[in-house]
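Note that this is a predicted model, so its numbers are computed, not measured. In the text below, chain A, chain B and the rest are named by the order of the sequence lines, each starting its count at 1.
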2 protein chains.
Amino acid sequence: MRNPEHPDTGDIVLTKVLSALADPLRLGLVCLLADGRERQWGELDAPVSKSTLSHHLKTLRGAGVTRTREEGTRCYVHLRADDLESRFPGLLGALMSAAPDDATPVTLKRP
Amino acid sequence: MRNPEHPDTGDIVLTKVLSALADPLRLGLVCLLADGRERQWGELDAPVSKSTLSHHLKTLRGAGVTRTREEGTRCYVHLRADDLESRFPGLLGALMSAAPDDATPVTLKRP
DNA sequence: TTCGATGTTCGGCGAACATCGAACAAGTTA
DNA sequence: TAACTTGTTCGATGTTCGCCGAACATCGAA
């Protein structure tokens, strides 16, 4: 992730957001991040390989759903809740209240 | 459409709805239907072939977004707004307020 | 400087998808 | 009955997607 590409808030495209959230695993990631806390890659316990997880996080990032911050070799990710709320008012809340049923559960590795 | 398959309201899956709505053309169809009126297929003016339109409408139907009714050789389609609202409160409204920017415009033939 | 940890990118695979034209099925109408 | 209208289904084609392992790049620590 040499150049983490994050779309500006105004450039977030609805269909891309929907595509990003249409995958159960990515929806699970968003559910986990919905508490607003920033997480490090390594904390995330998802049932896919490292490279696949990287791809999914890239997809979320490219759609404007999450924002990634680098610190040394580590990456931290958090939900762009405020940006999404201002671009698509009410959408995130509506999704989160129904999402847990369909999302692939993503948890945190033991502290 | 020998057997129009419509999922029960309780069986509507969020990720399928999001997938269905992640396509600009299908989003455009939903925008057109958002006024709650029932439309006949022939009324829909979309920039794709007949068979492709049929496929898209089948996708929406299968996801539980629309409901199709047959009458003779004609088919009428309408948005399952109430069902979606009860299953995912607020979702449709949040989508519709931002959708027109990204959706492929679908209009009605000769008004 | 060498090693280990952390992510990214690449190549490849099978599955799913979007699209079209053509053929088909089922009613309506002449 | 024959012709027309309406929508579905069937191949075929090219694209995208999700997934993996392997190779690579980068940084911090020993």
Side-chain angles (χ1 to χ4, degrees), chain A residues 1-6 13 15-30 38-63 65-78 102-104 106 108-110, chain B residues 1-6 13 15-30 38-63 65-78 102-104 106 108-110:
Chain A
M1 198 192 20
R2 211 95 50 266
N3 299 309
E5 292 179 21
H6 296 95
V13 174
T15 50
K16 284 202 173 188
V17 172
L18 296 180
S19 283
L21 268 37
D23 181 275
L25 191 104
R26 288 193 294 259
L27 195 58
L29 286 167
V30 170
E38 185 177 62
R39 302 291 181 184
Q40 193 213 325
W41 263 207
E43 292 183 81
L44 307 175
D45 193 5
V48 291
S49 73
K50 195 172 55 160
S51 60
T52 301
L53 182 61
S54 181
H55 268 295
H56 281 308
L57 288 166
K58 182 179 179 180
T59 300
L60 287 171
R61 186 170 63 232
V65 176
T66 60
R67 190 178 293 281
T68 292
R69 177 175 68 84
E70 294 179 68
E71 189 173 302
T73 80
R74 311 189 176 195
C75 291
Y76 295 86
V77 63
H78 69 94
D102 303 357
T104 296
V106 176
L108 295 174
K109 289 179 179 170
R110 55 186 169 289
Chain B
M1 199 192 22
R2 212 91 55 262
N3 300 310
E5 293 179 22
H6 296 95
V13 175
T15 51
K16 284 202 172 187
V17 172
L18 296 180
S19 284
L21 268 37
D23 182 277
L25 188 94
R26 289 194 292 257
L27 194 58
L29 287 167
V30 170
E38 186 178 61
R39 302 290 181 184
Q40 195 215 323
W41 293 38
E43 294 182 79
L44 307 175
D45 195 5
V48 291
S49 74
K50 194 172 56 158
S51 58
T52 301
L53 181 60
S54 179
H55 163 71
H56 282 307
L57 288 165
K58 182 178 178 180
T59 300
L60 287 171
R61 186 170 63 232
V65 176
T66 60
R67 190 179 293 281
T68 293
R69 176 175 69 84
E70 295 180 67
E71 189 173 301
T73 77
R74 310 186 178 198
C75 290
Y76 295 86
V77 63
H78 70 94
D102 303 356
T104 297
V106 176
L108 295 174
K109 288 181 179 169
R110 48 168 182 67

Query - Comparing L25(A) and G72(A) on DNA chain D - which has the more 5′ nearest nucleotide - result: L25(A)
Requested in this report: Could you please name the option among dA26(C), dG7(D), dT9(D) that lies closest to any side-chain atom of T73(B)?
Outcome: dA26(C)
Query raised in the report: What nucleotide, of dA23(C), dC20(C), dC10(C), holds the atom closest to the side chain of K50(B)?
Result: dA23(C)
Query - Separation between CZ of R69(A) and NE2 of H78(A), rounded to the nearest 0.5 Å - result: 8.0 Å
Query raised in the report: Can you check whether W41(A) has a side-chain N or O nearer than 4.0 Å to OP1 or OP2 of dA5(C)?
Result: no
Query - Interatomic spacing from CD in E38(A) to CD in E43(A) - rounded to 0.5 Å - result: 9.0 Å
Requested in this report: Pull out every residue in residues 16-24 of chain B that has a heavy atom closer than 4.0 Å to any atom of DNA chain C, ordered by number, or say none.
Outcome: D23(B)
Query raised in the report: How long is the line joining CG of L27(A) and C1' of dG18(D), in whole Å?
Result: 16 Å
Report summary line: Ranking dT8(C), dC20(C), dC20(D) by distance to the side chain of S49(A), first place goes to dC20(D)
Query - Rounded interatomic separation in angstrom, taking CG from L57(B) and C1' from dT8(D) - result: 12 Å
Report task. Using a 4.0 Å heavy-atom cut-off across all strands, classify H56(B) as base, sugar-phosphate, or nothing. Result -> sugar-phosphate
Query - Gap between atoms CG and P, on L53(A) and dT6(C) respectively (whole Å) - result: 13 Å
Report summary line: From NZ of K109(A) across to C1' of dT6(C) the rounded distance in Å is 11 Å
Query raised in the report: With side chains defined as the heavy atoms from C-beta onward, is the minimum distance between T59(B) and H55(B) less than 4.5 Å?
Result: yes
Report task. Write down the partner of dC13(C) under the Watson-Crick or G-U wobble criteria, each distance required to be under 3.5 Å. Result -> dG18(D)
Report task. Indicate whether OP1 or OP2 belonging to dC20(D) is found under 4.0 Å from a side-chain N or O atom of T52(A). Result -> yes
Report summary line: Taken to the nearest whole Å, CZ/R69(B) to C1'/dG7(D) is 15 Å
Requested in this report: Examine the base of dG21(C) for any acceptor or donor lying under 3.5 Å from a partner atom in the side chain of S51(B), and report the outcome as yes or no.
Outcome: yes
Report task. Output the single nucleotide from dT19(C), dC20(D), dT6(C) whose closest atom is nearest the side chain of R74(A). Result -> dT6(C)
Query raised in the report: Rounded to the nearest Å, what distance is computed from the CD atom of residue E71(A) to the P atom of nucleotide dG7(C)?
Result: 11 Å
Requested in this report: Tell which nucleotide pairs with dT1(D), taking only Watson-Crick or G-U wobble pairs whose two distances are both under 3.5 angstrom.
Outcome: dA30(C)
Requested in this report: Report yes if the side chains of T66(B) and L57(B) come closer than 4.5 Å at any heavy-atom pair, otherwise no.
Outcome: no
Requested in this report: Measure the distance from OH on Y76(B) to P on dT8(D) and round it to the nearest whole Å.
Outcome: 14 Å
Report summary line: When both distances are under 3.5 Å in a Watson-Crick or G-U wobble arrangement, the nucleotide paired with dG7(C) is dC24(D)
Query raised in the report: Roughly how far apart are T15(B) OG1 and L18(A) CG, rounded to 0.5 Å?
Result: 12.0 Å
Query raised in the report: Are any of R26(B)'s side-chain N or O atoms less than 4.0 Å away from OP1 or OP2 of dA18(C)?
Result: yes
Query raised in the report: Could you give the CZ-to-C1' distance, from R39(A) to dT6(C), as a whole number of Å?
Result: 18 Å
Query raised in the report: Going from CZ on R39(B) to CG on L44(B), what distance comes out if it is rounded to the nearest 0.5 angstrom?
Result: 8.5 Å
Query raised in the report: With side chains defined as the heavy atoms from C-beta onward, is the minimum distance between L21(B) and L60(B) less than 4.5 Å?
Result: yes
Requested in this report: Answer yes or no: is there a side-chain heavy-atom contact under 4.5 Å between T68(A) and H6(A)?
Outcome: yes
